[in-house]
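Computed over heavy atoms, backbone and side chain alike; hydrogens, waters and symmetry mates excluded.
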Amino acid sequence: MSNHKNFIYYRAYAIYFGFVIILLIAFYHTVSLQLEGRSSVLDSADKKIPVRTVKRIPRMGEILDRNGIPLVTSVTYYDIHMDPTVVDQKVFDDELSDLGEELHKIYPDKSANEYIDLIRKGRFNKSRYVHIRSRVTNEERKRLSKLPIFKEGRLKGGLIDTDEIIIRELPNGELLKRTLGYSRDKKGLKTLVGIEGSFYKYLRGEDGAEIEQRISTGWKKTGQITKEAIEGASLITTIDKEIQEVAHSELERQLREMNAKHGCVVVMEVKTGFIRAIVNLTNNDNKSFSESYNYAIGYNEVPGSTFKLASIMAGLEDGMFKITDTVNASGSYSFPGKRLKDSNYGAGYGTITIQKAFEKSSNVIAQIIYRAYYKQPEKFLARLKQFGLTEPLNIAINGEAKPVIPKMGTPGWSNLSIPMMAIGYELQQTPFQTLTFYNAVANDGKMVRPLFVEKIVRSGQVLKTFTPEVIREEICSNSTLKILQLCLKGVMTVGTGSDLKSSLFTIAGKTGTAKLIGENKLYNDQINSAYQASFVGYFPADKPIYSCIVVISDPKKEIYGAKVSGTVFAEIANKIYASTLSYHKAINQNAMKKKGVADFKKWK
């Protein structure tokens, strides 16, 4: 009897421990499936499902205008797939037709039967990744998750909607497109353009990590995230979208009216250097206009008469003449191998002061500067360097063209260099470089660097703030500065810009008309030449708030700076004034004074 009991005990223990061993083996293989990715416990090690760790790309930060309005944003789309093999047969048979009908309602480019056949074929072929739709919005994604079969979820309904695609979008179309720029990575070659390119390291964020698994159709995300990505910071730019829209529409209107080749506008805040608007438009056969190239930053050309300000500034600083000295503006001026004429068909202006010559933009200025510097041209070049005109501005955006200034002893230098430079030829500047010089005159001689970004923020926290950067504390003496400020006002009252006067406020500025070199590498006669029309200045003249430059290339109907570009400048200035005035009316005046907001009633 005792032996029989022992046998029963032994057998019970054997059964018990046998079950324990089986459970341990099952547990071991379960862990193996999780860690090694094998598709079955019966698979050998070399048949496990391949997995890999890949980068999880973060969502890039937004680019906003100064008031928080989106200029560039990241939008998430989703690719929709289906695994029809996991759906219960009864559910599949009962609801497939309804699913096809609903998909057709949302995406009518395919019939209900096409969707039904696609899914049925996928199930028959045991495909676990049937493509339903690419790049759907999150709203569409939520709607799809409520459709027949799909509402059962991923495990029972086969809906795979986790494949994200993050795309950079410009909600305002062509507005500011080139300056906003982009970042691209093709085969490891990164292209960084504009504001986005220059501040890419902040916008980019930090990569995370996630697991992908290889199935029959390729590598697919498993949804397992091993490291969360850190979203990029956002940029609060200096751009004011309202001013940008005004500048864009006015430039486009004038390019169309003049059938001009291309043009640009820049509006800068005088004291800070903050860029409130920058427009670059290319005329596509007068049918459409695109922001295809940043002319304001990357395109240097002869500035023409707008450079006369620097020439007169140099002569005054060196004591070569007084602004009240008189000259004979005969209309035709001879130099070794060259004759220049005034724009009034060579009629000239008679005996006038140098100030009047500047206001009328007479080319007698070439003669004045030639007589002052022909024996010591190095002094003239030294003054241009002092004024900050010989070096790039080193702005934050890549692609700034360097100023081209002739140097003594080089092949580009001749006896004509001084008189030609005096009126803005034989040298090249970008519109930005010209504007920055005029902005310094408006800013009582202090030259500030143009800035495009005010703050970098992430999750409401300010990471970096950009403050005004001074390039030169003073470009010239205060006495010279006051004289030239009066001259720039005179241009608008009795000179070439007199038709551009505003009844609401005063403007100071200078017109410029430059003949461009033709395809034959020569300056041709007026009929066969292309011209560049410019206007640069600031407003209000007595207490400047904004400076602005308008440059239009190859206008066909008119060629002179006042009529082509000056009208654009005036329209922009008037609309900025009007919009700012209406804004100020809505604000308590006392609060304005405490915060130091400009009182535009003083513009008159």
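From Leu235, atom CG reaches atom CD1 of Ile456 across 5.5 Å, with rounding to the nearest 0.5 Å. One distance of note links CD of Gln532 with NZ of Lys261; it measures 11.5 Å at 0.5 Å rounding. Between Ser565 atom OG and Glu250 atom CD the span is 12.5 Å, to the nearest 0.5 Å. Taking CD1 of Ile69 as the reference point, atom CG of Asn172 lies at 8.0 Å (rounded to 0.5 Å).
Here the side chains of Thr73 and Leu170 are not in contact, with every heavy-atom distance at 4.5 Å or above. Considering only heavy atoms from C-beta on, Lys510 comes within 4.5 Å of Ser305 through its side chain. Within the 4.5 Å cutoff, the side chain of Thr237 has heavy atoms near those of the Leu71 side chain. Between Arg154 and Leu159 there is no side-chain heavy-atom pair separated by less than 4.5 Å. Residues Pro450 and Thr436 have side chains in contact (heavy-atom distance under 4.5 Å, counting atoms from C-beta outward).
No option in Asp109, Asp161, Asp79 other than Asp109 meets the salt bridge (Lys or Arg N to Asp or Glu O under 4.0 Å) test with Arg133.
Here Tyr115 and His104 keep their ring centres 6.0 angstrom or further from each other. Aromatic pair Phe289/His262: centroids not less than 6.0 angstrom apart.
Legend: ring pair (Phe, Tyr, Trp, His ring centres under 6.0 Å) pairs involving residues 168-203, not counting sequence neighbours, sorted by first then second residue: Phe199-Phe466. Listed by first then second residue, pairs satisfying salt bridge (charged side-chain N to carboxylate O under 4.0 Å, His left out) with a partner in residues 270-283 read Glu269-Arg276, Arg276-Glu454, not counting sequence neighbours. Listed by first and then second residue, the salt bridge (charged side-chain N to carboxylate O under 4.0 Å, His left out) pairs that reach into residues 456-470 are Arg449-Glu469, sequence neighbours excluded.
Residues forming a ring-ring contact (aromatic ring centres under 6.0 Å, His included) with Phe452 (at least two apart in sequence, or on another chain): Phe432. Here Phe569 pairs with Phe535, Phe539 under the ring-ring contact (aromatic ring centres under 6.0 Å, His included) rule; sequence neighbours left out. For Glu474, the salt bridge (Lys or Arg N to Asp or Glu O under 4.0 Å) criterion is met by no residue, not counting sequence neighbours.
Thr434 and Gln429 share a donor-acceptor pair across their side chains, judged by distance under 3.5 Å alone. Ser290 and Asn284 are linked by a side-chain donor-acceptor pair at a separation below 3.5 angstrom, with hydrogens and angles left out of the test. A donor and an acceptor atom, one from each side chain of Thr53 and Glu210, are nowhere located under 3.5 Å apart. The closest side-chain donor-acceptor pair between Gln433 and Glu400 falls under 3.5 angstrom. Checking Thr85 against Asp83 by side-chain atom types alone, a donor-acceptor pair falls below 3.5 Å. Under 3.5 Å, the side chains of Ser292 and Thr282 contain a donor-acceptor pair of N or O atoms. Donor-acceptor pairing under 3.5 Å is recorded for the side chains of Glu140 and Tyr107.
Between Lys556 and Asp554, at least one side-chain nitrogen of the basic residue sits less than 4.0 Å from a carboxylate oxygen of the acidic one, meeting the salt-bridge criterion. Between Glu139 and Arg143, none of the side-chain N atoms (NZ, or NE/NH1/NH2) sits under 4.0 Å from a carboxylate O, so this pair counts as no salt bridge. With respect to the salt-bridge test (charged N to carboxylate O, under 4.0 angstrom), the residues Arg256 and Glu252 qualify. Using a cutoff of 4.0 Å between basic side-chain nitrogens and carboxylate oxygens, Asp65 and Lys241 are not scored as salt-bridged.
For the pair Arg141 and Tyr78, the cation-pi test (distance below 6.0 Å, angle within 45°) is passed.
Aromatic ring orientation, His131 versus His81: perpendicular (interplanar angle above 60°, classes split at 30° and 60°).
The environment of CD in Gln461 is sparse: at most 12 heavy-atom neighbours from other residues, nucleotides or ligands sit within 6.0 Å. With a 6.0 Å radius and a threshold of 12 heavy atoms from other residues, nucleotides or ligands, Arg253 has its CZ atom above the threshold. In the displayed structure, Ile167 atom CD1 is contacted under 6.0 Å by more than 12 heavy atoms of other residues, nucleotides or ligands.
Judged by distance alone, the side chain of Glu245 and the main-chain N or O of Glu242 form no donor-acceptor pair under 3.5 Å. At distances below 3.5 Å, at least one donor-acceptor pair connects side-chain atoms of Thr513 with backbone N or O atoms of Gly561.
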Next item on the list: Output, in order, the C-alpha distance, side-chain angles, deciding distance and verdict of side chain to side chain donor-acceptor pair (under 3.5 Å) for Ser74 and Arg59.
Entry: CA-CA 7 Å; Ser74 293; Arg59 185 185 182 89; 5.1 Å; no
